[in-house]
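See below for the structure under consideration.
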Amino acid sequence: MTPQENYHDWLRDAHAMEKQAESMLNAMSSRIDNYPDLRARIEQHLTETQGQIKLLEAVMDRNDINRSLMKDATSKMAAMGQSFGGMFAPDEIVKGAISSYVFEQFEIACYTSLISAAEKAGDSASIDIFKQILAEEKAMAEWALNHIPDVTEQFLLRSAAEGVEAKK
């Protein structure tokens with residue numbers, strides 16, 4: 001494959017990844033009841049993710065790249081499976097906070113790679129877009145990492161209290 005073909009394939013992957021993130025963030029936000037700071041940040045990042053999807057679609061349209069319905073559908077199914085599986089964990093909120101951080105690191109790596117691929121493929125017009133998205137992902141990852149201790153402590157306090165729901 002040429003650098004441009006790989007770049008186009010990776011753009012499709014990034015689009016599917018963001019669609020998966022959108023599904024996961026929607027599910028996570030709708031299930032958080034007792035952690036308002038986490039819910040607010042998840043909702044903020046959901047809005048950012050929806051903007052990222054639009055930016056990626058504009059890049060794909062400008063480069064005449066079709067979207068992969070299969071990749072988008074598969075990523076949404078994976079997100080639903082993750083969400084459904086977490087519902088049964090008694091420590092759902094802690095596992096969700098950790099998973100959120102891990103997913104952000106994956107996105108950071110993908111956009112770092114896309115910047116290099118865009119340079120090699122000659123799509124310099126998209127580099128600033130990827131850098132903008134990368135900055136949002138880094139900010140979310142930093143927030144998530146910094147707040148894992150808070151979420152964990154709140155969970156432990158709620159879990160130890162009689163008659164208080166802790167998991168979500």
Side-chain angles (χ1 to χ4, degrees), residues 10-60 67-115 129-168:
W10 295 337
L11 275 168
R12 286 184 202 94
D13 290 344
H15 185 264
M17 172 183 69
E18 293 301 350
K19 295 296 266 183
Q20 179 180 4
E22 180 182 37
S23 294
M24 288 186 321
L25 292 167
N26 258 324
M28 184 181 248
S29 173
S30 71
R31 295 198 38 79
I32 297 174
D33 294 330
N34 301 304
Y35 302 83
D37 291 344
L38 179 59
R39 183 178 187 153
R41 187 59 177 104
I42 293 294
E43 288 173 353
Q44 177 188 339
H45 195 56
L46 174 58
T47 300
E48 291 170 349
T49 299
Q50 291 164 337
Q52 293 166 1
I53 291 168
K54 288 178 183 167
L55 289 171
L56 287 171
E57 288 174 350
V59 169
M60 293 170 78
R67 291 168 187 77
S68 173
L69 296 177
M70 179 62 98
K71 285 183 181 184
D72 286 352
T74 302
S75 67
K76 283 187 172 188
M77 286 175 38
M80 287 181 1
Q82 288 171 325
S83 175
F84 186 71
M87 290 170 53
F88 299 107
D91 57 349
E92 172 185 2
I93 196 71
V94 175
K95 285 186 170 84
I98 293 168
S99 295
S100 176
Y101 173 73
V102 170
F103 194 81
E104 293 305 321
Q105 291 301 320
F106 178 75
E107 289 179 306
I108 288 167
C110 289
Y111 285 108
T112 300
S113 179
L114 262 180
I115 291 167
I129 291 169
F130 299 144
K131 286 181 178 179
Q132 173 191 333
I133 295 172
L134 179 61
E136 291 173 352
E137 302 300 0
K138 284 181 176 181
M140 182 61 192
E142 182 178 355
W143 190 94
L145 182 61
N146 290 336
H147 287 80
I148 287 173
D150 296 336
V151 170
T152 303
E153 290 171 19
Q154 288 177 45
F155 170 82
L156 291 171
L157 287 171
R158 295 182 71 78
S159 182
E162 194 70 32
V164 175
E165 182 182 48
K167 75 176 261 171
K168 61 181 187 148

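Every heavy atom of this structure was used, including side-chain atoms; hydrogens, water molecules and symmetry mates were not. Predicted model, so just to flag it, every value in this text is computed and none were measured.
Within the 4.5 Å cutoff, side-chain heavy atoms of Leu38 are placed close to those of Trp143. Looking only at side-chain heavy atoms (C-beta outward), Ile53 and Glu57 come within less than 4.5 Å of each other.
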Query raised in the report: Step by step, would you call Glu43 with Ser29 a side-chain hydrogen bond (donor to acceptor under 3.5 Å, both in side chains)?
Result: CA-CA 6 Å; Glu43 288 173 353; Ser29 173; 2.9 Å; yes
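Rounding to the nearest 0.5 Å places CD1 of Ile32 at 4.0 Å from CD1 of Ile93. To the nearest 0.5 Å, the span separating OG on Ser100 from CD1 on Ile42 amounts to 4.5 Å. Atom-to-atom distance recorded for Asn26:CG and Leu46:CG is 4.5 Å, nearest 0.5 angstrom. Summarising the geometry, atom CD belonging to Gln44 is positioned 11.5 Å from atom CG belonging to Leu25; distances are rounded to the nearest 0.5 Å.
Closest non-hydrogen pair, Val151 versus Tyr35, comes out as O-CE2, 4.1 Å. Nearest heavy-atom pair, Leu114 versus Ala14, reported as atom, atom and distance to 0.1 Å: CD1-CB, 3.7 Å.
The side chain to side chain contact (heavy atoms under 4.5 Å, CB included) check on Lys131 picks up Ile115, Ile127, Asp128, with sequence neighbours excluded. Partners of Ser113 under the side chain to side chain contact (heavy atoms under 4.5 Å, CB included) rule, at least two apart in sequence or in another chain, are Trp10. Qualifying side chain to side chain contact (heavy atoms under 4.5 Å, CB included) partners for Ser99, counting only residues two or more places apart in sequence or in other chains: none. Listed by chain and residue number, nothing satisfies the salt bridge (Lys or Arg N to Asp or Glu O under 4.0 Å) test with Glu142 (two or more places apart in sequence, or in another chain). With sequence neighbours excluded, no residue forms a side chain to side chain donor-acceptor pair (under 3.5 Å) with Arg41. Under the rule for a side chain to side chain contact (heavy atoms under 4.5 Å, CB included), the partners of Glu136 that lie at least two apart in sequence or sit in another chain are Glu48, Gln52, Gln132.
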Identify all side-chain donor-acceptor contacts of residues 101-111 below 3.5 Å with residues at least two apart in sequence or on another chain.
{"from": "Tyr101", "atom 1": "OH", "to": "Gln105", "atom 2": "NE2", "distance (Å)": "3.4"}
{"from": "Glu104", "atom 1": "OE1", "to": "His45", "atom 2": "NE2", "distance (Å)": "3.4"}
{"from": "Glu104", "atom 1": "OE2", "to": "His45", "atom 2": "NE2", "distance (Å)": "3.1"}
{"from": "Tyr111", "atom 1": "OH", "to": "Glu18", "atom 2": "OE2", "distance (Å)": "2.7"}

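Here the options are Val94, Asn34, Asp150, the test is side chain to side chain contact (heavy atoms under 4.5 Å, CB included), and the partner is Phe155; only Val94 passes.
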